[in-house]
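Starting from 1, each residue takes its place in the sequence as its number. Note that ligands are numbered from 1 as they come in the structure, with each ligand's atoms numbered from 1 the same way.
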Amino acid sequence: MQQTLILLKPDAVQRRLVGTILQRFEQKGLRIAALKIVNASRELAEQHYAVHKGKPFYESLISFLTSGATVALVLEGREAVAVCRNLMGTTDGAKAPPGTIRGDFALSVQNNLIHGSDSPENAALEIALWFKPNELVSFAPVDANWIG
Ligand code: DAT
Ligand code: MG
C-alpha cells in the first residue's frame with residue numbers, strides 16, 4: 001500500500017477549506033495514516049522545499065508556508081501518490097481543471113492550497129520530515145474489500 005504526504009497549506013486553513021479537502025480524499029477511498037496541525041518553522045519549510053532553493057519564487061514560497069498553520073497528513077492507499085496529485089490538479093490554480101481541488105478552489109500559483117508528494121521516493125523523505133514514526137497509525141479499514 002502506497003503512502004503520500006499531503007500539506008493543507010496556510011491558505012487552506014485560513015479559508016476553512018480543511019474539511020472540504022479532506023472529504024475528497026476520504027471519499028476517494030484513501031486512509032488517513034497521520035494527521036496534525038503545525039506552525040512550520042523556517043527550517044522545516046526550507047527542508048521541504050529544498051528542491052526550489054534559488055528559484056525566483058523561493059523566498060516568497062518559504063514566507064507563505066511559514067505564515068500560518070498548516071495541516072499535515074499522510075494518506076495511504078493504492079497508487080496514493082498519483083491519485084492525490086490527480087485530485088489536486090496542476091500547480092497553477094488558474095489552469096487546474098474543474099473538479100480538482102486547485103481547479104475548484106484556487107486561482108493563484110503560489111497560494112494553491114495543497115502540497116502532495118510527487119513520487120513514492122519523495123513521499124518517504126517528506127513523511128520522515130514532517131512526522132515521527134510513532135505519529136503514524138496503522139489500522140485496517142472495514143470496507144477495504146470494497147475499495148480495493
Ligand atoms: P506542486 O506544488 O504542484 O508540486 P512545484 O513543486 O513545482 O508544484 O512548486 C512548489 C510550490 O511552489 C507550488 O505549489 C507553488 C510554488 N510555485 C511553483 N512555481 C511557481 C512560480 N512560477 N511562481 C510562484 N510560485 C510558484
Ligand atoms: Mg512539488
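- Counting protein heavy atoms only, atom 21 (C) of ligand 1 is closest to Phe57 CD2, 3.4 Å.
- The distance from atom NZ of Lys28 to atom CG of Leu75, rounded to the nearest 0.5 Å, is 13.0 Å.
- At least one heavy atom of Lys9 sits closer than 4.0 Å to an atom of ligand 1.
- No donor-acceptor pair under 3.5 Å is formed between the side chain of Gln110 and the backbone N or O of Phe64.
- For atom 1 (P) of ligand 1, the closest heavy atom belonging to the protein is Thr91 OG1, 3.6 Å.
- Arg85 NH1, 2.8 Å is the protein heavy atom nearest to atom 4 (O) of ligand 1.
- Side-chain atoms of Gln2 come within 3.5 Å of backbone N or O of Ala80 as a donor-acceptor pair.
- If you check which protein heavy atom lies closest to atom 14 (O) of ligand 1, you get Asn112 ND2, 2.8 Å.
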- Would you check, one step at a time, whether the test side-chain hydrogen bond (donor to acceptor under 3.5 Å, both in side chains) holds for Asn111 with Lys9? CA-CA 8 Å; Asn111 299 4; Lys9 295 190 276 193; over 6 Å; no

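- Nearest-heavy-atom check against atom 6 (O) of ligand 1 across Lys55, His52, His115 picks out His52.
- Residue, atom and distance of the protein heavy atom nearest to atom 12 (O) of ligand 1 are Leu61 CD2, 3.3 Å.
- Every side-chain hydrogen bond (donor to acceptor under 3.5 Å, both in side chains) that Arg42 has, sequence neighbours left out, goes to Glu46, Glu59.
- Under the 3.5 Å distance criterion, the side-chain polar atoms of Arg102 are left unmatched by any main-chain donor or acceptor of Asp92.
- In this structure, atom 15 (C) of ligand 1 lies nearest to the protein heavy atom Val109 O, 3.4 Å.
- Geometrically, Arg31 engages Phe139 in a cation-pi contact, judged by NZ or CZ lying under 6.0 Å from the ring centre and within 45° of the ring axis.
- Scanning the protein for heavy atoms near atom 2 (O) of ligand 1, the closest one is Arg102 NH2, 3.1 Å.
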